[in-house]
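Order of appearance sets the numbers: ligands from 1, and atoms from 1 within every ligand.
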Amino acid sequence: MYQIGVDIGGTNIKMGLVDDRLQIVRRVSVPFPHEDSEAVAKRIASEVRGLLAAQEVPEAELSSVGVIVPGSIDPTGAIILDAYNLGFHNVPFKAQLQAQFSGIPVYLANDADGAGLAELGRGAFVGCQTAVLLTLGTGVGGGLILGGRMFSGGKRQGVELGHMPLVAGGEPCTCGNLGCIEAYCSATALAREGVRAMQTHPESLLATGSGGDPSRIDAKFVIDCAKEGDEAAKAVFDRYVDYLGSACISIIHLLDPEVIAIGGGVCGAGEFLFAPLRANVAKKCFYGDFAKIVPAAMGNDAGMIGAAMLGRNAI
Ligand SMILES: [Zn+2]
């Protein structure tokens, strides 16, 4: 049997025909058509039929169609509540897709859950019962595996690891609260601190390397300056690692997971990030033997693989 995994993003829709070993045997990517959701559902169906025809797989061999979106889904898994990048609000997308695929179960989930599932299927969480994915990007997303399955919250409203409080009365967060993990551990937060350090340390590489232009300071630039040994950047990076270590500790002390995987652009720092992070966690941890902390393994295919696995997770 095969599954279809659809990863809808604000730029592209990626669709993959996935086999039982979770390999993508054929794929297609199309620009996201900024149309109403019904038209998008029809477009997806026509592309999927093209994939099946190209691979000579009859529709009867399709066991499910899974779709992930960057947004919130209602507890029944039927309605996209808010997906700002797509312009979808309160859209009954599962029904709209189901109308295109009669007799084939359709599943809908958010992208953090999909990424967590993909790690479980083929990546950093293979064989795990309890594992946590933290994605450090513009914001901080999280996926949680409990009992060997994706866990979307006791009331199925999703887990919001990025919005667990880290610093009481701290930096403002996108959610309206102060001091969330996202406000300290996102790539955006690392860049913000890099800009502040650039302004107070005009002699630093952060300042000279950027020409004092805040728009040229992103997370990667801060990491690169720290790698070069720039004291101001290193201080920013060390504080970032300390915050991220505290976020990991809260997760470890709550769940005692087997693995924490960290995804997103900040991971490009490699062992420059992971070695001090593990040391920071070891220093704060209640246990001597704690979760392995590793880079997420699935990269750009995570969405399609995770979407294709939604049918299995539902069983
Ligand atoms: Zn928040």
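- Sequence neighbours left out, the pairs with a member in residues 258-281 that pass salt bridge (charged side-chain N to carboxylate O under 4.0 Å, His left out) are E271-R278.
- When ring centroids are compared, F272 and F237 come within the 6.0 Å threshold.
- Between H253 and F286, the ring planes are perpendicular. Angles over 60° get that label, and only those under 30° would be called parallel.
- Looking at E182 and T174, their side chains do bring a donor and an acceptor atom within 3.5 Å of each other.
- Taking Ile, Leu, Val, Met, Phe, Trp and Tyr as hydrophobic and joining them when side-chain heavy atoms fall under 4.5 Å apart, one finds M1 isolated, its cluster having no other members.
- Protein N/O/S atoms closer than 2.8 Å to the Zn ion (ligand 1), listed by chain and residue number, are H163 ND1, C173 SG, C175 SG, C180 SG.
- Other members of the cluster containing L81 are I79, with ILVMFWY side chains joined at under 4.5 Å, either directly or via other members.
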